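We use all heavy atoms of the structure for the numbers below, so side chains are in, but hydrogens, waters and symmetry mates are not. Bear in mind the structure is a predicted one, so any value in this text is a computation, not a measurement.
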Amino acid sequence: MKKIIFFILLFSTSFLLASDTLDDFIDEQIKIEAKLLDQNLSLEKKIEIKKAQGRQYQEFLLLYAADKEEHLQKNNPYRYKVSKLKLRLNNNKYLGNTNAVLRDEVLLQGYTVRTGIRNAFHDVLQQTDSESKAFFKDKVNETLVKYFSKYKPLDKKKYISSDQNQSSPIIESLLAAIKAQGHLESVANTFSAEVVENSSNIYRTARFSKSKLFTLVNTINESIYGQKFNAYLSSVHLDVGKIILLLAIIILILITQFIVRLIINRFLKHYKLKEEDISYIHSHITKIFNMIASLVIIHLILVAYLGFDSKSINISKLFAELYVILIALLLYRITNTIAYMKIEAIKRSKILKNEVINLTIKVINGLIITVAFISMLKIAGVNLTALLSGLGIAGAAVAFAAKDSISNIFGSISILVGDVFEQGDWIETNDVNGTVVEIGLRASTIRTFDNALISIPNSELANSGVKNWSRRSIGRRIKMNIGLTYQSDFDDIRQAIVDIRSMLKEHPGIANERTSYQNSYRQAKLVSTEDFKGVKRTTLVYMDEFADSSINILVYCFSRTVVWSEWLEIKEDVMFKIAEILKKNNLDFAYPTLTLHQAEEETKEIKDQAI
């Protein structure tokens with residue numbers, strides 16, 4: 001959110017700098033049109049001037065539309081000038097001053113064009129009261145045609161002749177008026193084209209201007225204090241009204257986030273959820289609600305006030321894509337959060353099977369992602385019908401030619417979706433034992449413990465059994481068989497077993513039922529949490545079997561740690577302690593022996609034969 005606010009502060013400073021009236025703006029554009037006709041300018045320079053002119057038109061039209069109500073109330077500023085000019089024209093006709101009459105006619109036509117521009121644009125602004133944007137666009141074209149189609153370019157041959165005295169001041173003023181009139185006609189053409197180009201922005205800005213936001217900003221800038229501070233801020237293209245507006249946006253976003261959090265918090269407490277669940281929902285769901293609300297506010301300001309919407313950079317489409325992503329993420333998290341919180345109730349259900357629920361959750365998540373992806377393509381203007389048709393035609397040929405590659409791609413998808421293993425995990429298959437370096441689109445690379453790098457196609461990994469030794473939180477197995485001699489006393493063996501159990505129960509490195517663990521990861525799966533997280537705390541010590549040359553005691557337990565070096569230290573310590581217990585109970589380790597016994601009858605027969 002901070003990055004988005006910084007984006008506003010950074011890029012909004014170059015907009016809304018124009019504050020001229022329509023007549024002043026026309027005069028400025030006449031100068032630009034004159035520049036464009038300068039033969040000494042290069043083509044690149046003219047293109048640069050034309051681009052800057054387009055930006056000026058956009059800024060002026062939107063600012064003028066923002067003060068729509070004020071501008072529409074003003075009377076025609078040319079009325080007095082036209083009346084005065086007509087009186088002078090009639091007087092020159094009466095005196096027979098032909099050149100002066102021609103000059104005044106050209107000037108009078110110039111005021112007619114200016115009035116046409118003003119009246120046409122004012123009619124366009126009045127049409128913004130329409131509730132239909134499509135109707136407004138039709139009216140824009142109709143209005144411009146109405147005002148500009150009846151004007152014809154000035155016929156210079158009518159006003160310029162070879163017998164005119166070029167050094168006469170009246171002739172000079174006539175030529176200047178004809179030249180200015182030509183530039184003014186270019187302004188009229190450009191003005192009408194820019195009104196059509198920016199019609200969508202004009203409509204939104206004029207509609208939004210009813211909130212009096214723009215009038216308030218202008219009032220602040222025109223105040224005594226505003227003008228005083230603006231003298232210092234103008235060097236960085238800022239003004240007081242703009243800064244206050246941006247601060248108001250930030251405050252509005254913060255207030256909106258606070259209200260959204262308060263409402264959701266009240267709702268959650270109404271249903272008496274646990275504090276940890278409320279905290280989880282705020283961090284994963286409320287946060288997205290706040291982002292959507294903030295995005296809406298920023299969108300309105302950028303489009304309606306700053307005019308960030310054109311054919312080259314359509315900011316509305318960009319925001320629409322962001323809305324789709326955030327809403328999809330919101331639905332995804334809501335679905336999985338509800339599933340997690342209802343797991344215990346679902347587990348007790350005798351109708352629904354765990355596998356069905358797991359599959360349903362995955363299908364819902366898949367649908368959310370699919371719909372979001374299709375919506376994003378639709379917003380971007382992709383022809384989905386043509387796209388799907390093209391994929392259908394080419395799909396069969398591609399599938400046949402690259403079936404192994406496709407199989408590997410789906411294998412990688414299966415590994416990732418099924419969360420079989422990830423980068424850095426220690427895995428073991430029938431042929432490979434090592435650490436996963438990378439899961440590629442076609443194959444996965446594994447670094448073996450003898451430091452060899454092996455690449456295995458993902459289809460083979462997806463279709464074979466994979467042991468993932470890294471998916472263990474608590475418990476690395478210690479298993480041993482302790483052989484005791486047959487000369488051992490069974491009471492001593494029984495006491496030794498009790499002592500070993502007690503030792504393992506109190507050993508700080510051995511996991512038991514009292515060993516706790518933190519489960520911060522919330523997964524909506526109907527499986528045993530300990531099995532899913534890899535938690536083993538079993539401890540078994542029993543006399544296991546009468547072997548050929550020993551009485552065996554089974555010791556089966558798990559270390560708290562899963563780190564290999566730490567596991568070796570704990571195992572070594574356990575073995576030393578077991579040796580001390582056996583010594584304390586007068587027991588000896590057995591070793592393989594072979595004892596020969598002769599039957600009593602066979603011994604007696606041998607003795608008789610000897611006699």
Which heavy atom of L144 sits nearest to which heavy atom of A120, and what is that distance? CD2-CB, 4.4 Å
State whether the side chain of T128 and the backbone N or O of V124 hold a donor-acceptor pair below 3.5 Å, judged by distance alone. no
Verify the distance criterion only: is there a donor paired with an acceptor across the side chains of Q53 and E194 at less than 3.5 Å? no
List the atom of A188, the atom of V113, and the distance in Å for their closest heavy-atom pair. CB-CG1, 4.0 Å
Between the side chains of K137 and S200, does any donor sit under 3.5 Å from an acceptor? yes
Intermediate values then yes/no, side chain to side chain contact (heavy atoms under 4.5 Å, CB included), R118 and K74: CA-CA 11 Å; R118 180 180 182 278; K74 291 181 179 179; 4.2 Å; yes
Any heavy-atom pair between the side chains of D104 and K93 that's under 4.5 Å? no
For the atom pair CG (L174) and CD (Q181), what is the distance rounded to the nearest 0.5 Å? 11.5 Å
Which value, rounded to the nearest 0.5 Å, describes the distance between L87 atom CG and K84 atom NZ? 10.0 Å
Residues in side-chain contact (heavy atoms from CB on, under 4.5 Å) contact with N40, at least two apart in sequence or another chain: D38
Roughly how far apart are I364 CD1 and Y332 OH, rounded to 0.5 Å? 11.5 Å
For the CZ atom of F25 and the OH atom of Y64, what is their distance to the nearest 0.5 Å? 11.5 Å
Could you tell me whether the side chain of I292 reaches within less than 4.5 Å of the side chain of L322, counting heavy atoms only? no
Looking at CG of L295 and CD1 of I288, how far apart are the two atoms once the value is rounded to the nearest 0.5 Å? 12.5 Å
Closest non-hydrogen contact found for A372 with V324 is O-CG1, 3.5 Å
Return the CZ to CG distance between F121 and L61, rounded to the nearest 0.5 Å. 4.5 Å
Begin from the C-alpha positions of Q56 and Q29 and carry the test side chain to side chain donor-acceptor pair (under 3.5 Å) through to its verdict. CA-CA 9 Å; Q56 288 178 4; Q29 293 307 310; 3.2 Å; yes
Output yes when a side-chain donor or acceptor of Y111 lies under 3.5 Å from a complementary backbone atom of L85, and no otherwise. no
Please lay out, stage by stage, how K139 and E142 fare under the test salt bridge (Lys or Arg N to Asp or Glu O under 4.0 Å). CA-CA 5 Å; K139 281 295 182 180; E142 183 182 321; 3.4 Å; yes
On a heavy-atom basis, which atom in S130 and which in F135 lie closest, and how many Å separate them? OG-CD2, 3.2 Å
Close side-chain approach of L125 to I202, heavy-atom, < 4.5 Å: yes
Write down the atom of E33, the atom of T190, and the distance for their closest heavy-atom approach. OE2-OG1, 3.1 Å
Decide yes or no on side chain to side chain contact (heavy atoms under 4.5 Å, CB included) for Y57 and V195, but give the supporting numbers first. CA-CA 8 Å; Y57 267 102; V195 168; over 6 Å; no
Are the charged groups of E28 and K31 less than 4.0 angstrom apart, N to O? no
If you compare all heavy atoms of A177 against all heavy atoms of L107, which two are closest, and at what distance to 0.1 Å? CB-CD2, 3.8 Å
Has K45 got more than 12 heavy atoms of other residues, nucleotides or ligands less than 6.0 Å from its NZ? no
Run I325 and M376 through side chain to side chain contact (heavy atoms under 4.5 Å, CB included) and show every step you take. CA-CA 8 Å; I325 293 172; M376 291 177 68; 3.8 Å; yes
Give a yes or no on whether a salt bridge exists between D27 and R114, defined as a side-chain N under 4.0 angstrom from a carboxylate O. yes
Please lay out, stage by stage, how Q126 and H122 fare under the test side chain to side chain contact (heavy atoms under 4.5 Å, CB included). CA-CA 6 Å; Q126 287 177 342; H122 281 198; 5.6 Å; no
Non-hydrogen side-chain atoms of D123 and Y147 separated by less than 4.5 Å: yes
